[in-house]
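So the structure is just underneath, and the comments pick up after that.
Order of the sequence lines sets the chain letters (A, B, ...), proteins ahead of strands, with each chain counted from 1.
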Amino acid sequence: MTKPTQYPINPDLQVQGALSDNERLKTQSQHLRGTITTDLQNEITGGFTGDNFLLIRFHGMYQQDDRDIRAERAEQKLEPLHNVMLRARMPGGIIKPEQWLAIDKFASEKTLYGSIRLTTRQTFQFHGVFKPNIKPMHQMLNSIGIDSIATAGDVNRNVLCTSNPVESVLHQQAYEWAAKISEHLLPKTRAYAEIWLDEEKVETTETEPVLGDSYLPRKFKTTVVIPPHNDVDVHANDLNFVAIAENGQLVGFNVLVGGGLAMTHGDKTTYPRRAEDFGFISLEHVLKVAEHVVTVQRDYGDRVNRKNAKTKYTIDRIGVETFKQEVEKRVGVAFQPSRPYEFTHRGDRFGWVEGIDGKHHLTLFIENGRLLDYPGKPLKTGVSEIAKIHKGDFRMTANQNLIIAGVALADKAQIEALARAHGLLEDSVTEQRKNSMACVSMPTCPLAMAEAERYLPTLVTHVEGILAKHGIAEDHIILRVVGCPNGCGRAMLAEAGLVGRGPGKYNLYLGGNTAGTRIPKLYLDNVAEAEILATLDQLIGRWSLERNAGECFGDFVIRVGVVAEVKVSKTDFHA
Amino acid sequence: MPFASLNALTSPLSAQQVQDLQKLVSQLNPIQQAWVSGFLAGSAQTAGVQLPSVAAASAAPSVLTILFASQTGNAKGVAGKLKAAAEQLGLSVNLQDIASYKTNGLAKEQHLIIVTSTYGEGEPPESAVSFHKFLYGKKATQLPQLNFAVLGLGDSSYEFFCQTAVDFDTQLAKLGANRLQAPALLDVDYDSGAASWQAEVLAKFQPLLQTAPQAATPAAAASSGHAYSKQQPFVAELSVNQKITGRTSTKDVRHIEISLADSGLTYQPGDALGVYFQNDPALVQAILTATGIDPTSVVHLDAAGEVTIERALIDSLELTQSYPSFLEKYATSTGNSELQSIAADKTAAREFLATRQTLDVILQYPGSLTAQQLVDSLRKQQPRLYSIASSQAEVGEEVHLTVGVVRYDAFGASHLGGASGYLAERLAEGESVRVFVEHNDNFRLPDHDTPVIMVGPGTGIAPFRAFLQERDNAGATGQNWLFFGNPHFTQDFLYQVELQDYLKRGVLAKLDVAFSRDQAQKVYVQDKLVAKGAEVWDWLQQGAHVYICGDGSKMARDVHEALVQIAVNHGGLSSDDAAEYFEQLRESKRYQKDVY
């Protein structure tokens, strides 16, 4: 391995002070190894101890427990029902049928919840894997060509790519870049192979040329997006490559840097923020640009205060121009002026579409992304039945839905019949439901403060009722519910976003738009369902009567002054 | 206290003599006090208090030796009564735990009664293993000088009922000793049987023994007059009933806390708590309905006199454990010939009863009988003994138990254990339960410096929780190593959080667990022991004590075999020598079991 390239550092642009404890643990981890192997042999606890609790995140896992029974187990003198959640690395979310069948089997047989969860990171998660099954899980994944390296932790995580099977040529090119960027920014440590795959320890003086030996200051998210779709929600991501095509061929990218939605309740130095457009680059510079947006953030991100460690705060602290120039200096290329592009929508196109290559693609709405066999709706079995006969591939979308891609005309009927027979394709699903989203939250996510996934179906039913009451049942608002302000469900880009505060209590944010290019603003603080529904009833009622032609709900509430527009997050969001 | 109130003004003794006497008496246990009082009275009748050696010499041949081999304390209790009755007859008695009896003295012994229980598959109780081995071994000599009788306590629901008593009786006779009285083989309701056998056997020994001086009122009686006991249980409050297995566990294990406040009861780690219980009123109702007996019918019970049958069945009689005598008596009363033939065949009866509670038998063979006949067919309810799971150093006046709830479905109905069902389901927190402390000197921690290895799968963890609490509070420096096992890690890791804390704080040096059903290949505590064999052997070489608690039918035997294997593998012993090694450990109290 090559030593990390050293660049002259301007200490005035760095945050000085005692480093956060996470910096110590990363530095001392021997490149993410820690004592994970010892913990795997510890039969006294189902959890991981000390630093390993956080180190396993770099390997794509979070230690969780069944929070529904945490108190009960404490009374039983039992530790929490520790298990791990695994998030796979699937750049662009493409998975083959044979891979699907393997993960389907594992989910059924070896996980507490028996489900496959499609997520906003365009991948799948296993929830509820007990310690003895962790290594077999990684080995199973490895046997089908999947890993979970760096899907969590202070690294570049799973790289998203717009799920657009119609523009098949462009999508293929964009997808390949997503995969290449993912590989390029991966940790180079062999810790994953040694710990989980029992691969031999090779004597090397390991270094991390891109990420650095103490890795990044904070999580880092990257997308490749093909306008006009903004399904990946670029403004939720640190680094975005906006595909620019000429005559159906990819020629380069506009680079958007510094988006991110996470914040901390009560901490006004934290806020969701849109990404900044650095300009256009041609294809040959993609990997270098990706690398050096990362290295600039690596060198100048705040390692003292983790709450301000993400790229968006670095940019606000050192300035967009400084950040951009530093990247240009390191790459040795200047950004060209941005090429024009427009985002028009974020939702998936449900049902069948035909691609320019003549293949057919069926997008299925998967409520909450949760594939499980429900009474009368055996969704998970349905997908596996399709996988058994499907000759194309599956594409997990950033909206937690599933595309059965690359179906020959002759196979359409059979696939559709299977989808309908298993409740995967239902004509009665409203636009509102299709445009609503929640993070996982309770009972597995340790950060959750309120219900999200389990609450969403009920909430949507209420909102459907409100829309119908005002005579606009066919309309919808982008509605998102998250259990905490950390950002997984991207509520901070919704027209109406609920962010968990406590059991049954949420903050209500209003004013995002359909294209996902505006941050909403706090409207109600720490309120229960009744007040949220009463408010939505009143505002949707006004919207139905007073809106301009084609005016979305988020634009409306800003125009009539319900909330002020957030233009510059740092100054406007908490104002 | 009689001796405390003694002074020079109210006695013929001088102040100095009073002081000396009080000093001496304070060092004597009740048995010694009784003996001394008898000795002094006897020698005063002859020539004043001069030559103790003469008295001792003349007393020696006249002594009746009573050995008890107790597992749960019952044999010890019967032996104690026997001694008191013998002393009332003026006999001189040497009452001793068989564990501490010097077997080389047997050749000189003249008058011997053994009271023994049996446990497991016909094995002697822990305390009697050495004696049993000696009798059957090469060192045993002919015993023509010996008059003996044996009383056995057992449970007829086990195949090898009173086997140890049978063994002692047979082998002593074989060695030429004179059987003075046929052995009593008594079931769990042994009280009246023991009393009548006692009267008979003492009548036979009395003429053979020289008349010893009449014993004065034993001091022991005075001091134990107000103490709570098995006969006079303390009415305690159940303060906590907490399930400690997870919600998907196949087992229901309860952590029970009972308050002993103001009882004066004390216990040590290793002791057991006796629990009296009430049978399930619904079960009683079902039995009465099935037999067509009016719940208000008045019946006679030896202990309680005239009561309604409903109260008798709830409070006094055994319904949840099955036993052959019920089968016999019920079959006879109802005149059911099929059941009679089952009852007549011991093997068939045992198999039949293995899965059936009283109600199952009645439902399968309904018949009519009188209320009194039903009552007479049932034996007296016995309190259940639970190994205590706490140390008073930690919990003060509380006592904790780890109770596995017996619950199973059979014959189309759910079945619940008597005491475990009472504690777990029928007794609310704050309600009363009758308890007593059963001491167990055969399960004791060593001194603070000695390392201990504890093997306690399932509810066998109970006394080790007490051990750990004790050693933690004492700041004991001896290292502690616990082996625990159960079916599933996530559901059945009893006291997991406490054990994790002990491990973290170093109170537990090591904790090894075996969760048998978490993988295809079943893993048990004995497998974990073998896997850690080298270290186990090291600990043994450093003087570690080994304790086993839990299931006696299989686990304790498998663990024993694992230990023997370790001595072979890591100590280089032959398997005979390895077995002998643990035999020696057992004799020196370094290897103790509390199994059931």
**Request:** Specify which of B:Val253, B:Leu503, B:Val497 makes the most heavy-atom pairs with chain A at under 4.5 Å.
**Result:** B:Val497
**Complete:** Note: vs chain A, highest number of non-hydrogen pairs under 4.5 angstrom among B:Gln496, B:Gln491, B:His255 is B:Gln496
**Message:** Within this structure, what is the CG-NZ distance for the pair B:Asp518 and A:Lys131, rounded to the nearest 0.5 Å?
**Reply:** 12.5 Å
**Gap separating the CD1 atom of B:Ile244 from the CD atom of A:Glu75, nearest 0.5 angstrom** = 12.5 Å
**Request:** Side chain from CB out, backbone as N, CA, C, O: work out which of these in B:Phe489 comes under 4.5 Å of a heavy atom of chain A, or both, or neither.
**Result:** side chain
**Request:** Please state whether the side chain, the backbone, both or neither of B:Arg247 comes within less than 4.5 Å of a heavy atom of chain A.
**Result:** both
**Prompt:** Between B:Val513 and A:Ile44, is any pair of side-chain heavy atoms under 4.5 Å apart?
**Reply:** yes
**Prompt:** So with a 6.0 Å cut-off around NZ of A:Lys110, is the heavy-atom count from everything else above 12?
**Reply:** no
**Item:** Any residue of residues 474-486 of chain B which, by heavy atoms, sits under 4.5 Å from chain A
**Value:** none
**Complete:** Against chain A, residues from residues 519-538 of chain B with at least one heavy atom under 4.5 Å, in numeric order, are B:Lys528
**Prompt:** Looking only at atom types and distance, does a side-chain atom of B:Glu498 sit under 3.5 Å from a main-chain N or O of A:Lys77, one as donor and one as acceptor?
**Reply:** no
**Prompt:** So what's closer than 4.5 Å to chain B heavy atoms on A:Leu78: side chain, backbone, both or neither?
**Reply:** both
**Message:** Between A:Gln76 and B:Gln242, is there a side-chain donor-acceptor contact under 3.5 Å, judged purely by atom types and distance?
**Reply:** no
